[in-house]
Amino acid sequence: MINFSGIPAKSLPGRLLRKLIGWVPDDTVLYILQGPMRGRRWIKGAGVSGYWLGTYELEHQKILSGLLREGDVFYDVGAHAGFFSLLASHLVGSSGAVYAFEPLPRNATFLKKHIELNRISNIKLIEAAIADYDGEALFEESESSSMGKVSANGKSRVSVTSLDSLVAGGAISPPSVMKIDVEGLQDIVLKGAGGILEKYHPSVLIEAVYEKDNKQNFYSVLTALGYTIEPIGNKSIEIAGDFFAYK
């Protein structure tokens with residue numbers, strides 16, 4: 001696999017590649033070039049080019065490809081436009097299920113289009129933020145569509161629910177694997193999934209946690225439940241932002 005994302009932006013090949021990509025209109029439907037989702041259809045403007053190049057977060061793709069099996073259930077918390085939801089859909093097959101949680105309408109719209117373009121039937125989109133309560137919350141958007149979060153500084157209002165309440169109410173099935181990317185608020189998601197974690201022991205892939213306090217918060221929740229946590233990418237805990245947890 002060619003890691004296009006690893007080509008330095010300021011190098012000649014990097015500049016040429018980015019110029020070529022820039023000429024492609026954002027509404028163009030492309031085929032993902034490589035990786036486990038090769039041949040799946042993707043809208044160029046849905047996010048970074050690494051998505052359709054197939055090189056986005058390669059280490060995470062490898063981890064999920066090694067974890068998920070036919071018939072498994074995957075939770076994509078903070079699904080964005082659905083890259084990992086599509087990957088999981090392929091891995092769990094028709095007998096499995098993917099639940100994609102995304103509160104931002106812009107991202108949810110792209111996710112719906114990707115589901116339709118690829119004729120996928122095993123992904124269920126839930127347009128809500130995940131926390132440790134049910135109700136509503138303010139949502140703070142960022143310049144990057146992948147970095148919004150629940151925040152008192154938010155200007156829009158979104159629905160909020162907990163994973164425990166969804167499972168208890170029969171709205172979703174218990175997970176085999178969870179991916180959580182909620183801009184440092186992972187501990188809130190995990191607290192709202194305490195019953196699931198204690199009863200079903202899903203593996204958990206945690207992304208984009210860089211602040212020391214945020215790391216301590218989610219570490220406390222998971223270690224109290226008997227989970228082992230490892231940094232991803234041969235990095236120390238202090239430097240790493242992505243983590244894999246298992247029991």
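Not measured: the values here are computed from a predicted model.
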Considering non-hydrogen atoms only, spot the tightest contact between [X] and [Y] and give its length.
X      : Y      : value
Leu111 : Ala79  : CD1-CB, 3.7 Å
Pro174 : Val167 : CG-CG1, 4.2 Å
Ser203 : Tyr246 : OG-CB, 4.3 Å
Ser85  : Asp76  : OG-OD2, 2.7 Å
Ser89  : Arg40  : OG-NH1, 4.4 Å

For side chain to side chain contact (heavy atoms under 4.5 Å, CB included), just list the numbers for Thr161 and Ile130, CA-CA rounded to whole Å, side-chain angles, deciding distance to a tenth of an Å, and then say yes or no.
-> CA-CA 5 Å; Thr161 188; Ile130 302 301; 3.7 Å; yes

Separation between [atom1] of [X] and [atom2] of [Y], rounded to the nearest 0.5 Å:
X      : Y      : atom1 : atom2 : value
Tyr75  : Leu166 : OH    : CG    : 7.5 Å
Ile115 : Leu86  : CD1   : CG    : 7.5 Å
Arg69  : Leu67  : CZ    : CG    : 7.5 Å
Trp42  : Leu33  : CH2   : CG    : 13.5 Å
Ile196 : Asp164 : CD1   : CG    : 4.5 Å

Quick one: does any side-chain atom of [X] pair with a main-chain N or O of [Y] as donor and acceptor, under 3.5 Å?
X      : Y      : result
Asp242 : Ile232 : no
Lys215 : Ala240 : yes
Tyr99  : Ser173 : yes

Could you walk me through whether Val177 and Leu205 pass the side chain to side chain contact (heavy atoms under 4.5 Å, CB included) check?
-> CA-CA 8 Å; Val177 180; Leu205 186 64; 5.6 Å; no

Check step by step if side chain to side chain contact (heavy atoms under 4.5 Å, CB included) holds for His60 and Lys179.
-> CA-CA 10 Å; His60 300 69; Lys179 186 224 81 181; over 6 Å; no

Any side-chain donor-acceptor pair under 3.5 Å between [X] and [Y]?
X      : Y      : value
Gln61  : Tyr56  : no
Asp132 : Ser162 : no
His114 : Tyr51  : no

More than 12 non-hydrogen atoms from neighbouring residues, nucleotides or ligands closer than 6.0 Å to [atom1] on [X], yes or no?
X      : atom1 : answer
Lys247 : NZ    : yes
Glu70  : CD    : yes
Glu198 : CD    : no

For the pair Glu102 and Lys112, find out whether any cationic side-chain nitrogen is under 4.0 Å from an anionic carboxylate oxygen.
->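 Salt bridge: no.
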
Can you check side chain to side chain contact (heavy atoms under 4.5 Å, CB included) on Leu190 and Tyr227, steps first, answer last?
-> CA-CA 12 Å; Leu190 293 168; Tyr227 272 78; over 6 Å; no

